[in-house]
Amino acid sequence: MTFSRVVLVLACLLSSALVAQEAKVTQLMSKDLTSFPGKEGVMITVEYPPGSKDPIHRHNAYGFIYVLEGSIVMQVRGGKETTLTPGQTFYEGPDDVHVIGRNASQTKPAKFVVFFVKDKGAPILVPAN
């Protein structure tokens, strides 16, 4: 095998490994909160493959997290790093910056549900420094 083929094969393997590490987000529902003008509730599931992690971000929303399977590590700026397992919860406020969000395992997937209360039409995730 020539050197260029080896490099090409390695590049393909590395790029597939990087793609495989991205979280899968599925929107379950969205509902206008008519008692709170301009607000909506959005429910999503997030599936972390083994070793997956999020970039630093914020939600500009109230976020209520409930772990369904596996274990995840969460931390907001100024808060304590927390490892959560099925049945445990986590909260993020609209001013929080999510500095750690990752699968605690390098070998097993993790899944959790999030319920957001946010401004209607606003993005769910906003990159942050």
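Quantities reported herein were computed from a predicted structural model and do not represent experimental measurements. Position 1 is the first residue of the sequence; numbering continues from there.
- Hydrophobic clustering of Ile, Leu, Val, Met, Phe, Trp and Tyr side chains at less than 4.5 Å, counting indirect connections, keeps Val42 apart from Leu28.
- When side chains are defined from C-beta on, Ile56 counts as touching Val97, because their heavy atoms get closer than 4.5 Å.
- Note: the hydrophobic cluster containing Ile65 does not contain Val99 (ILVMFWY, side chain heavy atoms under 4.5 Å, direct or indirect links).
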Distance-only check: which donor-acceptor pairs under 3.5 Å involve side-chain atoms of residues 111-126, not counting sequence neighbours?
residue : atom : partner : partner atom : Å
Lys118  : NZ   : Glu40   : OE2          : 2.5
Lys118  : NZ   : Ala122  : O            : 2.5
Asp119  : OD1  : Lys39   : NZ           : 2.6
Lys120  : NZ   : Asp32   : OD1          : 2.8

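- Taking CG of Leu84 as the start and OH of Tyr66 as the end, the distance is 11.5 Å to the nearest 0.5 Å.
- Listed by chain and residue number, His57, Glu92 satisfy the side chain to side chain donor-acceptor pair (under 3.5 Å) test with His98 (two or more places apart in sequence, or in another chain).
- Of all non-hydrogen atoms in Pro50 and Pro109, the two that sit nearest each other are CG-N, 4.0 Å.
- Residues meeting the side chain to side chain donor-acceptor pair (under 3.5 Å) test with Asp54, sequence neighbours left out: Tyr48.
- Residues satisfying the side chain to side chain contact (heavy atoms under 4.5 Å, CB included) test with Lys53, not counting sequence neighbours, are Arg102.
- In this view, Thr82 satisfies the side chain to side chain donor-acceptor pair (under 3.5 Å) rule with no residue, not counting sequence neighbours.
- Here the closest non-hydrogen pair linking Arg58 and Pro94 is NH2-O, 3.0 Å.
- Residues satisfying the side chain to side chain donor-acceptor pair (under 3.5 Å) criterion with Thr107, sequence neighbours excluded, are Ser105.
- Heavy-atom minimum distance, Ala23 versus Ser52: N-OG, 3.7 Å.
- The cluster map of Ile, Leu, Val, Met, Phe, Trp and Tyr, joined by side-chain heavy atoms under 4.5 Å apart, puts Leu33 and Met29 in the same cluster.
- The ring pair (Phe, Tyr, Trp, His ring centres under 6.0 Å) pairs that include a residue from residues 67-93 are Phe64-Tyr91, where partners are two or more places apart or lie in different chains.
- Atom-to-atom distance recorded for Ile44:CD1 and Gln27:CD is 8.0 Å, nearest 0.5 angstrom.
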Please output the side-chain donor-acceptor pairs of residues 68-78 that fall under 3.5 Å, not counting sequence neighbours, one pair per line with the distance.
residue : atom : partner : partner atom : Å
Gln75   : NE2  : Gly79   : O            : 2.9
Arg77   : NH1  : Asn129  : O            : 3.3
Arg77   : NH2  : Asn129  : O            : 2.6

